[in-house]
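Heads up: the structure comes next, in structure tokens.
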Amino acid sequence: MYKAPVDEIAFTLKHVAGLSKAIDEGRLGDLSDDLVDAILSEAGRFASDEVAPLAEIGDRQGARLVDGKVLVPDGWAELYRHWAEGGWNALVAPEEFGGQALPHMLNVAALEMWNSGSMAFALGPTLTMGASEALATHGSAALKETFLHKMVSGEWTASMNLTEPHAGSDLGVMKTRAERRDDGTYRIFGQKIFITWGEHEVTDNIVHLVLARLPDAPAGTRGISLFLVPKFLVNDDGSLGARNDLHCHSLEHKLGIHGSPTCTMIYGDGKFGDEPGAIGYLIGEENKGLACMFTMMNNARLAVGMQGVAICEAATQKAVAYAKERTQGKAPGWSGSGMSPIIEHPDVARTLITMKALTQGSRAICYTCAHAIDMSHHTEGAEAKKWAERGALLTPIAKSFATDAGVDVASMGIQVHGGMGFIEETGAARYLRDARIAPIYEGTNGIQAADLVTRKLPLSDGAQVRGFIAELKEIAKAVRGSNLDGFGTTADRLDASLADLEETTEWMLARLAEGDAAAALSGATPYQRLFGLALTGCYLAKGGLADEENGRDTRIALCRFAAENLIAETAALKDRVVNGAASLTAARVLFA
């Protein structure tokens with residue numbers, strides 16, 4: 001059974017991502033280490049004791065559409081009520097709407113624990129948090145007053161409606177339409193697919209954020225508007241009124257996350273109301289909806305990265321527990337009676353330590369991204385710009401590297417279980433099935449790579465990424481200066497991986513400057529992984545240095561393993577980026 005790694009999470013937040021330094025500098029108001037520990041401890045207890053025990057039934061029973069109603073797995077409605085009563089939905093929301101205005105770093109740490117307990121359950125609250133921020137940032141005072149208090153409290157949930165049957169990531173070709181009405185409202189008509197937690201009866205109301213196009217809107221993404229479309233209309237006194245003209249047509253039958261209702265939503269077909277058309281309210285300005293939605297999507301990308309971290313952690317815990325109990329053969333040097341636990345076999349140990357290194361590396365990358373976002377909100381001027389760009393640079397890496405790691409680590413977890421891992425009753429397979437959606441969510445990892453290369457590397461004419469690499473070199477320098485034998489050849493390996501990163505980054509920037517986007521995009525995905533591996537090595541080293549100061553060396557051992565077994569891949573990735581474009585172009589003949 002999953003046990004939230006509260007101490008490891010707290011250590012990474014404080015000593016690797018930068019939370020303790022921010023607290024010491026007074027950047028985060030009256031937040032203290034004691035308060036951080038209290039929040040993390042209670043979040044860990046809830047995830048371990050209340051969320052995780054219901055994960056299996058959620059996977060086995062799944063969400064169901066019965067007589068037009070979407071039913072969640074047994075026990076989940078009560079679980080959600082307990083979650084909302086705990087105030088967890090309000091961690092980062094503005095205080096004026098009932099939120100606690102705490103740093104994003106604490107929220108992503110809590111998100112990790114919810115998702116480790118049950119990714120399918122955590123998806124619903126995650127979307128509500130993102131929608132709350134989008135509404136708080138772009139909504140009118142009237143909309144915020146009517147809806148935001150209930151969303152922040154968790155009394156109402158929210159969903160994000162982008163995808164249509166003919167339009168996945170290319171939102172410019174979407175067909176959902178909006179019609180203006182004289183009373184200032186709009187009528188929404190169309191179909192949306194893959195809508196997570198789009199319908200259920202866990203809460204009294206659901207607030208849908210829907211992208212749609214007005215009749216006179218410009219073509220493409222410049223003509224998209226964002227609308228708030230509630231399941232039930234809200235009366236002037238705040239009570240619920242009539243059912244809006246929207247409903248769930250069907251549920252998707254998915255590879256994983258079975259407990260999460262993934263809905264096909266129909267807007268405006270006349271099923272409810274006096275006339276066809278779901279009543280919606282404009283968020284922001286007409287034809288500026290994509291910018292509003294990106295407030296939600298950017299945070300959602302980091303939240304999806306946390307899903308990858310969460311699966312890594314849960315799958316690793318299960319694999320380690322099994323490897324300690326399962327006996328088979330005699331490992332080299334085994335002196336006990338009978339067969340040895342398989343964790344004693346070198347190849348199994350190598351697999352488990354690889355899983356642990358990818359877990360902790362992914363966690364550090366995501367937490368550091370959240371730290372940059374927090375600092376952008378608690379600084380001013382040039383410093384705020386620097387941190388905002390740092391968060392923007394790290395977001396696609398956090399989303400992609402962590403979710404790829406989630407798939408890889410879950411797969412390795414099945415391998416550790418052997419044949420039993422392929423059997424559903426052991427629970428190892430669920431992690432792989434759940435993890436597989438995360439590299440697709442919120443823009444596929446290929447889209448993240450394109451964003452990283454074409455939009456994020458050129459920030460401040462490349463000064464942001466160059467400055468970041470210089471900071472990473474200081475970590476490698478500190479490892480070398482420590483003269484600790486436990487690090488082995490870590491310093492040399494870090495220097496080499498950072499040289500690979502620097503050279504490949506300069507190659508990318510040069511291609512962009514020449515206008516050769518095709519060459520840059522051909523190597524975008526391997527470049528993104530190269531960046532993630534280099535960060536993993538550096539952040540594990542940063543943790544090892546901090547751990548040594550406390551008189552321990554377990555993190556140094558993990559850092560050395562990663563440096564000497566994993567990050568050398570950056571050299572091969574650099575070669576793929578720099579020299580692979582021509583072969584990709586030539587190989588396209590295969591699909592002619």
Side-chain angles (χ1 to χ4, degrees), residues 2-52 82-117 122 125-126 128-130 132-133 136 148-149 151-154 299 302-303 306 309-310 313 360 363-380 384 387 391 539 542-543 546-547 549-550 552 555:
Y2 167 74
K3 180 70 173 177
V6 174
D7 290 344
E8 184 61 43
I9 287 172
F11 179 92
T12 305
L13 283 172
K14 294 177 182 179
H15 303 295
V16 180
L19 179 59
S20 286
K21 181 180 179 182
I23 291 174
D24 292 343
E25 293 176 348
R27 303 272 190 166
L28 302 175
D30 58 359
L31 184 67
S32 65
D33 279 342
D34 289 343
L35 180 57
V36 169
D37 292 339
I39 292 171
L40 295 178
S41 295
E42 179 55 23
R45 183 207 64 77
F46 191 89
S48 303
D49 297 348
E50 300 196 44
V51 180
H82 289 172
W83 185 87
E85 289 167 359
W88 296 113
N89 200 66
L91 282 182
V92 296
E95 291 179 300
E96 62 183 301
F97 298 106
Q100 301 173 46
L102 289 167
H104 283 276
M105 297 178 77
L106 285 178
N107 196 47
V108 297
L111 282 173
E112 177 190 328
M113 292 185 268
W114 312 142
N115 280 281
S116 286
T126 299
T128 304
M129 292 175 187
S132 297
E133 180 164 4
L148 201 49
H149 293 276
M151 293 165 65
V152 168
S153 70
N299 283 347
L302 178 55
M306 294 315 307
V309 177
E313 178 63 40
Q360 293 197 26
R363 177 182 288 126
I365 293 170
C366 289
Y367 287 6
T368 303
C369 180
H371 172 66
I373 294 170
D374 282 328
M375 291 300 97
S376 72
H377 296 155
H378 291 89
T379 52
E380 296 179 352
W387 283 116
Y539 288 152
K542 189 174 181 181
D547 210 29
E549 293 175 2
N550 296 322
R552 299 191 297 267
R555 288 184 178 82

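In this structure, I373 CD1 and T368 OG1 are separated by 11.0 Å, a value rounded to the nearest 0.5 Å.
Residues N89 and T128 come closest through the heavy atom pair ND2-CG2, 3.8 Å. Between A303 and T126, the shortest heavy-atom distance links the atoms CB-CG2, 3.6 Å.
Two residues are said to be in side-chain contact when any heavy atoms from C-beta on lie closer than 4.5 Å; W114 and M306 fail this criterion. Annotation: side chain of Y367 is not in contact with side chain of Y539 (no heavy-atom distance under 4.5 Å). Inter-residue side-chain proximity for W88 and P125 is flagged as unmet; no heavy-atom pair is nearer than 4.5 Å. Looking at N115 and V309, their side chains never come closer than 4.5 Å, going by heavy atoms from C-beta outward. Considering only heavy atoms from C-beta on, L302 comes within 4.5 Å of C366 through its side chain. M375 has its side chain within reach of L28: a pair of non-hydrogen atoms, C-beta onward, lies under 4.5 Å apart.
Checked by atom type and distance alone, the side chain of D33 never pairs as donor or acceptor with a backbone atom of S20 at under 3.5 Å.
Among residues two or more places apart in sequence or in another chain, the side-chain hydrogen bond (donor to acceptor under 3.5 Å, both in side chains) test is passed with E25 by R27. Residues forming a salt bridge (charged side-chain N to carboxylate O under 4.0 Å, His left out) with E8 (at least two apart in sequence, or on another chain): R555. Taking the ring-ring contact (aromatic ring centres under 6.0 Å, His included) definition, one finds that H378 meets it with nothing, sequence neighbours left out.
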List the atom pairs, donor and acceptor, that lie under 3.5 Å between side-chain atoms in residues 35-50 and the rest of the protein, sequence neighbours left out.
| residue | atom | partner | partner atom | Å |
| --- | --- | --- | --- | --- |
| D37 | OD1 | K14 | NZ | 2.7 |
| D37 | OD2 | K14 | NZ | 3.3 |
| S41 | OG | D37 | O | 2.8 |
| E42 | OE1 | R45 | NE | 3.2 |
| E42 | OE2 | R45 | NE | 3.0 |
| E42 | OE2 | R45 | NH2 | 2.9 |
| R45 | NH1 | E50 | OE2 | 3.4 |
| R45 | NH2 | E50 | OE2 | 3.2 |
| S48 | OG | A4 | N | 2.9 |
| S48 | OG | G44 | O | 2.9 |
| E50 | OE1 | H82 | ND1 | 3.3 |

Ignoring hydrogens and angles, write down the donor-acceptor pairs under 3.5 Å from the side chains of residues 96-111, residues two or more places apart or on other chains.
| residue | atom | partner | partner atom | Å |
| --- | --- | --- | --- | --- |
| Q100 | NE2 | G87 | O | 3.1 |

Original post:
Should S132 and L148 be marked as a side chain to side chain contact (heavy atoms under 4.5 Å, CB included) after you check the CA-CA gap, both sets of side-chain angles, and the distance that decides it?
Top reply: CA-CA 6 Å; S132 297; L148 201 49; 4.0 Å; yes
**OP:** Test ring-ring contact (aromatic ring centres under 6.0 Å, His included) on W387 and H371 and set out the steps.
**Re:** CA-CA 9 Å; W387 283 116; H371 172 66; 5.3 Å; yes
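Atom CG of D24 is surrounded by more than 12 heavy atoms from other residues, nucleotides or ligands within 6.0 Å.
Applying the salt bridge (Lys or Arg N to Asp or Glu O under 4.0 Å) definition to pairs two or more places apart or across chains, those involving residues 104-114 are E112-R363.
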